[in-house]
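Below you'll find the structure, written out as structure tokens, and then a few comments.
In the text below, chain A, chain B and the rest are named by the order of the sequence lines, each starting its count at 1. Just so it is clear, the values below take in all heavy atoms, side chains as well, and ignore hydrogens, waters and symmetry mates.
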Amino acid sequence: MTKKAANSLADLGRFSEPALLVLISLADEPKHGYAMTRDIEQMTGQRLGPGTLYGAIARLEERKWIEPLQSDDRRRPYRLTGTGQRVLRARLDALRAVTKAGQSRLAES
Amino acid sequence: MIGHTPRRLRVARIILRAYPLSWRTRYEQEVLALLEDGGASAWQLLDLARGCAAARVRTIGRIPTVQTVGAILALWLISVGPGFVVGRALRWMVGWDLPFEGIGTILAAVVFARLMWLARRNARLNLDWGDPGRVFLGPWESAVWRVLAFTAVSLTMADDRSLDAFRTGLPVLRLMFTPALLASLWVDQHAHRPWFLIHRGLTRPPNVPTRPLGLS
């Protein structure tokens with residue numbers, strides 16, 4: 001599951017990076033769109049545009065990695081599902097391995 | 001509200017109207033709320049327009065008829081290549097002036113059958129727009145295909161008779177091989193570039209619902 005899950009996030013094409021950021025943003029608590037953009041901006045210094053953000057949200061929702069919570073407000077919050085947590089964990093593990101390899105090679109050079 | 005102008009919000013509404021209906025039903029109000037909260041800069045409007053193009057392409061790519069026609073086109077592009085290359089190569093290297101149509105037809109039929117078998121086995125007759133070669137061919141077959149396509153284009157360009165053929169007017173089908181090869185090579189080479197709009201990330205993976213949750 002681990003490698004497959006990590007690769008499945010990469011299958012989102014140009015939305016894979018925004019999707020990863022959305023998953024990370026939702027990892028601690030449910031958030032609506034604006035809260036996600038603020039959170040991601042604080043994390044990365046990068047502000048996701050509405051087209052990119054909701055393109056990623058639509059793809060994540062289709063795959064059932066996130067799900068909307070009931071809300072009467074237009075600002076609908078989303079939360080991470082169990083599958084989403086597994087995918088995020090796998091992706092972060094893969095990135096950790098890449099980071100470790102890169103850092104050790106830089107240290108050797 | 002932070003720094004948005006009513007005019008920009010109006011523009012955002014116009015852009016949102018261009019999104020597919022299912023997308024609007026589900027996300028339009030959320031996006032408007034987001035823009036009202038965070039402001040609608042020109043960059044965000046541009047991003048919204050880009051997202052609209054992606055959503056449209058995604059929707060079109062999910063229409064079964066479009067997928068089927070696209071898959072047939074992709075198979076044809078991939079199938080005619082080897083026949084064309086072998087016919088050209090034989091004439092150029094050993095002087096065999098065999099009728100290209102004969103060789104091409106046989107080889108194309110073999111390749112076509114193989115591809116159909118692969119497609120059926122994988123149960124993926126939904127076209128991968130950006131990279132048909134990777135849907136219908138395995139990794140090594142895809143690599144061979146690139147070499148064949150490149151060779152074919154090179155040979156065609158180096159052969160004066162091709163230019164004569166264009167001038168004197170050969171059957172349309174024969175003349176279509178070169179643009180077909182160029183197109184498929186171009187598609188294959190550009191498949192994973194970020195600016196290539198129609199790429200594999202926009203196609204529906206198997207067994208994934210086509211509509212977001214919350215839609216009947």
Side-chain angles (χ1 to χ4, degrees), chain A residues 4-5 7-20 22 25 30-42 46-81 83-84 87, chain B residues 2 12 15-16 19-20 22-24 26-55 58-59 62 128-131 191-205 207-215:
Chain A
K4 193 178 169 187
N7 288 338
S8 60
L9 190 57
D11 283 345
L12 292 175
R14 98 169 165 85
F15 287 94
S16 60
E17 191 186 329
L20 176 63
V22 168
S25 177
K31 292 182 185 71
H32 55 66
Y34 182 57
M36 274 187 248
T37 47
R38 291 291 302 272
D39 187 38
I40 290 168
E41 195 173 1
Q42 281 175 356
Q46 171 191 356
R47 185 166 189 187
L48 291 186
T52 304
L53 177 70
Y54 276 89
I57 286 176
R59 283 160 178 78
L60 292 171
E61 205 182 335
E62 275 184 4
R63 286 163 174 77
K64 299 185 178 174
W65 294 348
I66 65 173
E67 62 188 5
L69 298 174
Q70 287 299 327
S71 171
D72 295 330
D73 189 13
R74 291 192 300 164
R75 295 156 184 82
R76 189 195 298 255
Y78 294 86
R79 75 174 166 207
L80 208 58
T81 64
T83 315
V87 170
Chain B
I2 303 167
I15 296 171
L16 282 167
Y19 271 84
S22 60
W23 195 98
R24 287 181 65 192
R26 178 65 186 79
Y27 299 110
E28 184 177 23
Q29 291 306 313
E30 286 185 52
V31 173
L32 282 172
L34 171 71
L35 292 171
E36 285 168 13
D37 289 342
S41 66
W43 172 80
Q44 283 180 313
L45 294 179
L46 199 66
D47 185 80
L48 199 60
R50 197 167 69 146
C52 176
R58 199 163 181 238
T59 306
R62 286 174 171 181
D128 187 326
W129 286 91
D131 201 356
H192 296 292
R193 302 266 174 92
W195 60 84
F196 195 70
L197 190 63
I198 306 165
H199 64 90
R200 61 180 305 173
L202 298 179
T203 58
R204 179 173 64 89
N207 305 321
V208 173
T210 55
R211 291 163 76 84
L213 298 176
L215 290 179

* Asked: Is there side-chain contact between A/His32 and B/Leu34, with heavy atoms separated by less than 4.5 Å?
  -> no
* With a 4.5 angstrom heavy-atom cut-off, which part of A/Leu48 approaches chain B: side chain, backbone, both or neither? -> backbone
* Asked: A/Tyr54 pairs by side chain to side chain donor-acceptor pair (under 3.5 Å) with which of B/Glu30, B/Arg26, B/Glu28?
  -> B/Glu30
* Do B/Gln29 and A/Arg76 pass the side-chain contact (heavy atoms from CB on, under 4.5 Å) test, and can you show the C-alpha distance, the side-chain angles, and the key distance before you say yes or no? -> CA-CA 9 Å; B/Gln29 291 306 313; A/Arg76 189 195 298 255; over 6 Å; no
Where is the tightest heavy-atom contact between [X] and [Y], given as atom of each residue plus distance?
X       : Y       : result
B/Asp47 : A/Pro50 : OD2-N, 3.3 Å
B/Trp23 : A/Ala58 : NE1-CB, 4.4 Å
A/Arg75 : B/Ala33 : CG-CB, 3.9 Å

